[in-house]
Amino acid sequence: MRCVFCELLKSGTARWVTRQSSVAAFAPLRPLAPGHTLVIPTEHYADIFDTPPGPLADAMALVQHLAMAMRTALDASGVNVLHASGPGSEQSVPHLHFHVVPRWPDDRFSTWPAGQSHHHIPADPIAQLAEALRPHEQAASIDDVRPAAARSPVPGSARGR
């Protein structure tokens, strides 16, 4: 299957903000705001369901770093991080990506949905999610999914010595 983001990575023709070994960021063709940037893993993963924890954590670390840069370099007062995964989500490109959109109080647009879903789930969806997230015998700890660079030694621990 043809992937426009993989083609951009291969050709190098995007307007790159940064290219790293596991993640990259570039300007979209039709930005929502000045500085609007897309963050993608450099390996192809279709969506959040397909992406292993490590590359997902690397992408989110770049999203955070980029958001901080938007605050300092562009004087943005905030950011919106937009993402869609799967057919029902309006995902436009089948390659995991996050839109990082700088925001200012006077920008006069909204990225929030204007309405609510009409889909009905008969049981309590929050209770169903809580049950689905209950620890299983081989549940990973948060430290297992964070990129190595984001892990800081804990003072007094074996890792911190």
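Here the structure is a predicted model, which means the values were calculated and not measured. What's counted below: heavy atoms across the whole structure, side chains too, no hydrogens, waters or symmetry copies.
The distance from atom CZ of Phe98 to atom CG of Leu82, rounded to the nearest 0.5 Å, is 11.0 Å. Expressed to the nearest 0.5 Å, how far CZ of Phe49 lies from CG of Leu56 amounts to 11.5 Å. Atom NE2 of His97 is separated from atom CD1 of Ile48 by 12.0 Å, given to the nearest 0.5 angstrom. In this structure, CG in Leu129 is found 9.0 Å from CG in Asp124, a value given to the nearest 0.5 Å. Interatomic distance, Gln128 CD to Leu133 CG, rounded to the nearest 0.5 Å: 12.0 Å. We find the OG1-CD distance between Thr51 and Glu43 to be 11.0 Å, quoted to the nearest 0.5 Å.
By the neighbour-count criterion of 12 heavy atoms within 6.0 Å, atom CG of Leu29 is sparsely surrounded, having that number or fewer from other residues, nucleotides or ligands. The environment of CD in Gln64 is sparse: at most 12 heavy-atom neighbours from other residues, nucleotides or ligands sit within 6.0 Å. Within a 6.0 Å radius of NE2 in His65, no more than 12 heavy atoms belonging to other residues, nucleotides or ligands are found. Within a 6.0 Å sphere centred on CZ of Arg71, heavy atoms belonging to other residues, nucleotides or ligands number 12 at most.
Under the 4.5 Å side-chain criterion, counting only non-hydrogen atoms from C-beta, Pro41 is in contact with His95. Looking only at side-chain heavy atoms (C-beta outward), Ile40 and Tyr45 stay at 4.5 Å or farther from each other. The closest side-chain heavy-atom distance from Val100 to Val39 is below 4.5 Å. Between Trp104 and Leu74 there is a side-chain heavy-atom pair separated by less than 4.5 Å. Val101 places none of its side-chain heavy atoms less than 4.5 Å from the side chain of Met70.
Taking the centre and axis of the six-membered ring of Phe109, the NZ or CZ atom of Arg103 falls inside the cone set by 45° and 6.0 Å.
Minimum heavy-atom separation, Gly12 to Arg19: CA-NH1, 3.5 Å. Contact detail for Ser22 and Asp58: the closest heavy-atom pair is OG-OD2, 3.1 Å. Considering all non-hydrogen atoms of both residues, Gly86 and Ser89 come closest at O-OG, 2.6 Å. The nearest pair of heavy atoms linking Ala33 to Pro102 is CB-O, 3.7 Å. Heavy atoms only, all atoms of each residue included: Pro28 and Pro31 are closest at O-CD, 3.8 Å. Closest heavy-atom contact between Leu62 and Ala25: CD2-CB, 4.1 Å.
Every residue meeting the ring-ring contact (aromatic ring centres under 6.0 Å, His included) condition with His36, not counting sequence neighbours, appears here in chain and number order: His99.
A salt bridge links Arg134 to Glu131: at least one charged side-chain nitrogen sits closer than 4.0 Å to a carboxylate oxygen.
Both Met60 and Val17 belong to a single network of hydrophobic side chains, linked directly or stepwise wherever heavy atoms of I, L, V, M, F, W or Y lie under 4.5 Å apart. Residues Leu96 and Leu8 fall into different hydrophobic clusters, defined by Ile, Leu, Val, Met, Phe, Trp and Tyr side chains chained together at heavy-atom separations under 4.5 Å.
A side-chain donor-acceptor contact under 3.5 Å links Thr42 to the backbone of Ser21.
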Given Trp16 and Leu9, is the side chain to side chain contact (heavy atoms under 4.5 Å, CB included) satisfied, shown in steps? CA-CA 10 Å; Trp16 300 104; Leu9 287 163; 3.7 Å; yes
